Amino acid sequence: MTQSPQVLFITGAGSGLGLECALFLAGHSYRVFGAVLNAADEDNLRAAAAQAGVAVSAVRMDVTNQEQNHQAVNALLAATGRIDGLIHF
């Protein structure tokens with residue numbers, strides 16, 4: 001039986017350590033969803049993931065907005081059935 005990859009939600013994934021963490025873990029067989037604040041961060045995440053040859057799904061949200069947090073978590077749970085880990089930058 002093949003085990004499905006662990007699902008990780010990483011905030012701050014549009015740049016810096018959040019981006020590097022998302023790329024690293026996606027490259028090590030994790031299913032990564034990266035929270036980004038705006039379109040520029042989303043474009044940066046997508047371009048970096050493509051260049052690294054890994055899959056990272058961007059989730060546009062403001063982590064300081066509680067409603068957006070709930071919407072993001074509910075969307076991830078609907079898409080994957082679980083969230084195995086959260087890394088907050």
Side-chain angles (χ1 to χ4, degrees):
M1 183 168 113
T2 303
Q3 186 176 9
S4 60
Q6 289 192 353
V7 177
L8 300 179
F9 189 34
I10 302 174
T11 65
S15 63
L17 289 175
L19 174 61
E20 294 302 320
C21 183
L23 297 176
F24 178 81
L25 292 169
H28 285 82
S29 302
Y30 290 88
R31 186 170 178 193
V32 176
F33 292 82
V36 297
L37 182 59
N38 54 45
D41 285 347
E42 185 174 353
D43 291 345
N44 191 43
L45 175 59
R46 290 184 193 283
Q51 184 177 6
V54 298
V56 179
S57 299
V59 179
R60 197 178 309 177
M61 61 176 286
D62 179 351
V63 297
T64 66
N65 183 308
Q66 187 174 11
E67 184 176 332
Q68 289 182 20
N69 289 330
H70 288 286
Q71 290 172 348
V73 167
N74 288 335
L76 263 66
L77 290 173
T80 66
R82 66 180 206 269
I83 298 173
D84 298 304
L86 168 67
I87 301 171
H88 178 60
F89 285 97

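No hydrogens, no waters, no symmetry mates; every other heavy atom, side chains included, goes into these values. Bear in mind the structure is a predicted one, so any value in this text is a computation, not a measurement.
A continuous path of Ile, Leu, Val, Met, Phe, Trp and Tyr side chains, each step under 4.5 Å between heavy atoms, connects Val54 with Ile87, placing both in one hydrophobic cluster. Side-chain heavy atoms closer than 4.5 Å link hydrophobic residues (I, L, V, M, F, W, Y) into clusters, and following such links, possibly through other members, connects Val63 to Ile83.
Listed by chain and residue number, nothing satisfies the side-chain hydrogen bond (donor to acceptor under 3.5 Å, both in side chains) test with Gln51 (two or more places apart in sequence, or in another chain). Remark: Asp84 pairs with Arg82 by the salt bridge (Lys or Arg N to Asp or Glu O under 4.0 Å) rule, at least two apart or across chains.
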All N/O donor-acceptor pairs, side-chain side in residues 26-38, below 3.5 Å, sequence neighbours left out:
unit_1 : atom_1 : unit_2 : atom_2 : d
His28  : ND1    : Phe24  : O      : 2.8
Asn38  : OD1    : Ala40  : N      : 3.2
Asn38  : OD1    : Asp41  : N      : 2.8

For residues 5-23, run the donor-acceptor check on the side chains, cut-off 3.5 Å, and write out each pair with its distance to 0.1 Å, sequence neighbours left out.
unit_1 : atom_1 : unit_2 : atom_2 : d
Thr11  : OG1    : His88  : ND1    : 2.7
Thr11  : OG1    : Phe89  : N      : 2.8

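Residues in residues 56-65 take part in these side-chain hydrogen bond (donor to acceptor under 3.5 Å, both in side chains) pairs, two or more places apart or across chains: Glu42-Arg60, Asp62-Thr64.
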